[in-house]
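Numbers restart at 1 for each chain; the letters A, B, ... are given by sequence-line order, proteins then strands. Every heavy atom of this structure was used, including side-chain atoms; hydrogens, water molecules and symmetry mates were not.
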2 protein chains.
Amino acid sequence: MDLSSYHNHYRILVAVDCIIFGFDGTQLKALLIKRGFEPEKGKWSLMGGFVREDEGTDEAANRVLHQLTGMKGIYMEQLCAFGDVDRDPAGRVISIAYFALINITDYNKQLQLEHEAKWFPLSESPELIFDHQKLLLKAQERLREKVACDPIGFELLPPKFTLPRLQSLYEAIYEMPFDRRNFIKKMRSLGVLNKLNEKERGSSRKGAYYYEFNNQHYNHVYKSIKKFV
Amino acid sequence: MDLSSYHNHYRILVAVDCIIFGFDGTQLKALLIKRGFEPEKGKWSLMGGFVREDEGTDEAANRVLHQLTGMKGIYMEQLCAFGDVDRDPAGRVISIAYFALINITDYNKQLQLEHEAKWFPLSESPELIFDHQKLLLKAQERLREKVACDPIGFELLPPKFTLPRLQSLYEAIYEMPFDRRNFIKKMRSLGVLNKLNEKERGSSRKGAYYYEFNNQHYNHVYKSIKKFV
DNA sequence: TCAAAAGTGTTGCATATACACCCATGA
DNA sequence: TCATGGGTGTATATGCAACACTTTTGA
């Protein structure tokens, strides 16, 4: 292994920061933590950590997510790298941002307490350290783009969900109302819904059927090559 | 400046690698170099360089692009970060990939010689070092997505171009033929074409009018929020 | 006069949008 | 019985895809 041409170069701290999205049935939220170390200790922040010698950046992001939520096998995607010189006033740190979609009811409350983590509706997020506000906004934007092409919204729901819940989720993501009939029509055309023979009780008089997500017969037409003409 | 909580962490070499696209009138090409240092010296590679202490990653990418082409103010966009542990066998290096669109007739030939750079049609690219093939493919994919939503293809053309040339470009990007009439119709609807009172002579009997790109009245309807329903 | 590329419109089809009524149930 | 939310279909408009002939001019 020849490092001769490398070893004179400047090395940089590389962090991963996770934008963790959840949906409580009404609002789209992000999980933020109170930073436990200097600088900016005690301020609100995305969950992050430094990339270690023996792990890839994807692994690092998964580790960080696991540290906070106790969850594995979560939908996660790289957003992009943020590498401005002065983004962290305490030193040169490049951050690689990831966003994750989790079922909000499904994570470890104990870990949440330890990290002083809290779910914030996106419209009411507190002031964040460094450029984390920028990362959060960019993640939200990317989520919208992504959800328009791929059926990934389901990652934010429990395994069984109703159509009204599903619609609320999409309305929360896009911050706009959709027509019920058109929404369902489009959703069904994707071919990813399994209707169950069971109704949700309590939330309404009539009760809404449960569905589950099934990407076995996902209609890839929708995913297929975005072309110009 | 308190570095106390940072200084024990592992620091990593961060490189930027540029996927430089050009269009010669027929084919979409990428500018590749013969690597001038170990490891893998003499093999084909993307143009890259290490991020320095005093520069952001965007700046680094622009510097690297300038080193090879002599060009500034070029369209460039971050692709994503590649951070697998073993992507570079000679050491831990994280690469942040950028792609650039340049007017192929417009760069410094002298620098090209010094770097032993060569334009390769994407379908005939040589074996590349490390994971550079992956970066190149991903850049091509991203270019297609991007071109479908934003009028950035013009960055690959000279200031004056004809409609047939423009169509050839899009056909090269998507590797499929388009219908002339539909293509022009769509292109005009973007509102970014200025017809000039001058014809290109020589390439055909009839001659084709020159156009120039003008995003003053770009119809942002096309860019506007991709929503689900 | 002919060959080769440039330029231009219309029609059918598919998809998206807009919209209103009935159903089931618990209180 | 009524108030609340759940469920469904149709008619219109819009955008997309398919398609063929005329024009210009250099050889």
Side-chain angles (χ1 to χ4, degrees), chain A residues 25-26 144 147-149 151 157 160-172 174 176-212 218-229, chain B residues 25-26 144 147-149 151 157 160-172 174 176-191 193-212 219-229:
Chain A
T26 309
R144 282 182 190 158
V147 163
C149 314
L157 295 171
K160 295 194 315 189
F161 53 86
T162 64
L163 293 183
R165 277 271 174 286
L166 182 60
Q167 183 172 346
S168 301
L169 168 61
Y170 276 70
E171 290 177 337
Y174 290 103
M176 58 168 72
F178 295 128
D179 179 86
R180 263 209 317 287
R181 292 156 289 188
N182 293 337
F183 177 81
I184 300 307
K185 212 183 300 172
K186 169 105 181 202
M187 196 49 87
R188 281 208 231 272
S189 75
L190 299 177
V192 293
L193 291 179
N194 274 153
K195 188 174 186 172
L196 303 179
N197 260 330
E198 188 191 353
K199 279 190 166 186
E200 180 192 55
R201 294 288 158 192
S203 67
S204 76
R205 308 270 154 96
K206 187 175 178 180
Y209 281 104
Y210 279 118
Y211 285 76
E212 59 186 13
Y218 170 42
N219 185 353
H220 282 272
V221 172
Y222 282 85
K223 195 175 184 168
S224 72
I225 340 94
K226 229 176 292 174
K227 57 187 187 52
F228 182 72
V229 180
Chain B
T26 311
R144 283 181 189 159
V147 163
C149 314
L157 295 171
K160 294 195 315 189
F161 52 87
T162 64
L163 294 182
R165 276 272 174 285
L166 183 60
Q167 183 172 347
S168 301
L169 168 62
Y170 276 69
E171 290 177 338
Y174 290 103
M176 59 169 70
F178 295 127
D179 179 85
R180 262 206 323 285
R181 292 156 290 187
N182 293 337
F183 177 80
I184 299 306
K185 211 182 302 170
K186 168 106 181 201
M187 195 49 86
R188 281 206 231 272
S189 74
L190 299 178
L193 291 179
N194 274 153
K195 189 174 185 172
L196 302 180
N197 259 330
E198 188 191 353
K199 278 190 166 185
E200 180 192 56
R201 293 290 157 189
S203 67
S204 76
R205 308 269 154 96
K206 188 176 178 181
Y209 279 103
Y210 278 117
Y211 284 77
E212 59 185 13
N219 185 352
H220 283 270
V221 172
Y222 283 84
K223 195 174 184 169
S224 73
I225 340 93
K226 232 178 287 173
K227 58 185 186 52
F228 184 71
V229 179

Student: Take atom CZ of Phe183(B) and atom C1' of dG9(C), then tell me their distance rounded to the nearest Å.
Tutor: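 It is 18 Å, rounded to the nearest whole Å.
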Student: Please write out the pairs of protein N or O atoms and N or O atoms of nucleotides 9-11 of chain D separated by less than 3.5 Å, giving the distance to one decimal.
Tutor:
from, atom 1, to, atom 2, distance (Å)
dT10(D), O4, Lys185(A), NZ, 2.9

Student: Answer yes or no: is there a donor N or O on one side and an acceptor on the other, between the side chain of Lys186(A) and the main chain of Phe228(B), under 3.5 Å?
Tutor: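 Looks like yes, one N/O pair under 3.5 Å.
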Student: Excluding sequence neighbours, so at least two apart, what forms side chain to side chain donor-acceptor pair (under 3.5 Å) with Ser203(A)?
Tutor: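 Per chain and number, Ser203(A) pairs via side chain to side chain donor-acceptor pair (under 3.5 Å) with Glu200(A).
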Student: Quickly work out the Leu190(B) CG to dG15(D) P distance and round it to whole Å.
Tutor: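 Value for this atom pair: 13 Å.
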Student: Find out whether Val147(B) and Tyr174(B) are in side-chain contact, i.e. whether some heavy atom of one side chain is under 4.5 Å from a heavy atom of the other.
Tutor: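 Yes, close enough: below the 4.5 Å cut-off.
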Student: Would you mind reading off the distance between Glu200(A) atom CD and dG6(D) atom P, rounded to a whole angstrom?
Tutor: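 For the pair Glu200(A) CD and dG6(D) P, the rounded distance is 8 Å.
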Student: At less than 4.0 Å, is any side-chain N or O atom of Arg180(A) found next to OP1 or OP2 of dA20(C)? Yes or no.
Tutor: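 Checking Arg180(A) against dA20(C): no side-chain N or O falls below 4.0 Å of OP1 or OP2.
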Student: List for me each residue that meets side chain to side chain donor-acceptor pair (under 3.5 Å) alongside Lys185(B), sequence neighbours excluded, and say none if there are none.
Tutor: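 Scan of Lys185(B) (side chain to side chain donor-acceptor pair (under 3.5 Å), adjacent residues dropped) gives Asn182(B).
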Student: Which residues satisfy the side chain to side chain donor-acceptor pair (under 3.5 Å) test with Arg188(A), sequence neighbours excluded?
Tutor: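 Partners of Arg188(A) by the side chain to side chain donor-acceptor pair (under 3.5 Å) criterion, ordered by chain and then number, come out as Tyr211(A).
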Student: Heavy atoms within less than 4.0 Å of DNA chain D: which residues of residues 161-169 of chain B have one? Give them sorted by number.
Tutor: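 The answer is none.
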Student: How long is the line joining CG of Leu196(A) and C1' of dG6(D), in whole Å?
Tutor: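 It is 16 Å, rounded to the nearest whole Å.
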Student: In whole angstroms, how far is the P atom of dA6(C) from the NZ atom of Lys195(B)?
Tutor: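 These atoms are roughly 13 Å apart.
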Student: May I have the distance from Phe228(A) (atom CZ) to dA17(D) (atom P), rounded to whole angstrom?
Tutor: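 Rounding to the nearest Å, CZ of Phe228(A) and P of dA17(D) are 12 Å apart.
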Student: With heavy-atom distances below 4.5 Å as the criterion, would you say the side chains of Leu193(B) and Ile184(B) are in contact?
Tutor: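 Sidechains of Ile184(B) and Leu193(B): no contact.
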Student: Which ones in residues 203-212 of chain A lie close to DNA chain C, meaning a heavy atom under 4.0 Å from one of its atoms?
Tutor: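 Of all residues in residues 203-212 of chain A, the ones placing a heavy atom under 4.0 Å from DNA chain C are Arg205(A), Lys206(A).
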Student: Can you tell me how far apart CG (Asn197(A)) and OH (Tyr209(A)) are? Round to the nearest 0.5 Å.
Tutor: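 Separation between the atoms: 6.5 Å.
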Student: Can you list the residues that meet the salt bridge (charged side-chain N to carboxylate O under 4.0 Å, His left out) rule with Arg181(B), with sequence neighbours excluded?
Tutor: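 Once residues adjacent in sequence are excluded, the partners of Arg181(B) under the salt bridge (charged side-chain N to carboxylate O under 4.0 Å, His left out) criterion are Asp179(B).
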Student: Test of understanding: with side-chain contact (heavy atoms from CB on, under 4.5 Å), list the residues that count as partners of Gln167(A), not counting sequence neighbours.
Tutor: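 If we apply the side-chain contact (heavy atoms from CB on, under 4.5 Å) test to Gln167(A), skipping adjacent residues, the hits are Glu171(A), Phe178(A), Arg180(A), Phe183(A).
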Student: Could you list the residues that satisfy salt bridge (charged side-chain N to carboxylate O under 4.0 Å, His left out) with Glu198(A), not counting sequence neighbours?
Tutor: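 Residues passing salt bridge (charged side-chain N to carboxylate O under 4.0 Å, His left out) with Glu198(A): Lys160(A).
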Student: Grab the CZ-P distance between Arg201(B) and dA6(C) for me, whole Å please.
Tutor: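 Those two atoms, CZ and P, are 12 Å apart.
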Student: Of all residues at least two apart in sequence or in a different chain, which pass the salt bridge (charged side-chain N to carboxylate O under 4.0 Å, His left out) check with Glu212(A)?
Tutor: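 By the salt bridge (charged side-chain N to carboxylate O under 4.0 Å, His left out) rule, Glu212(A) matches no residue at all.
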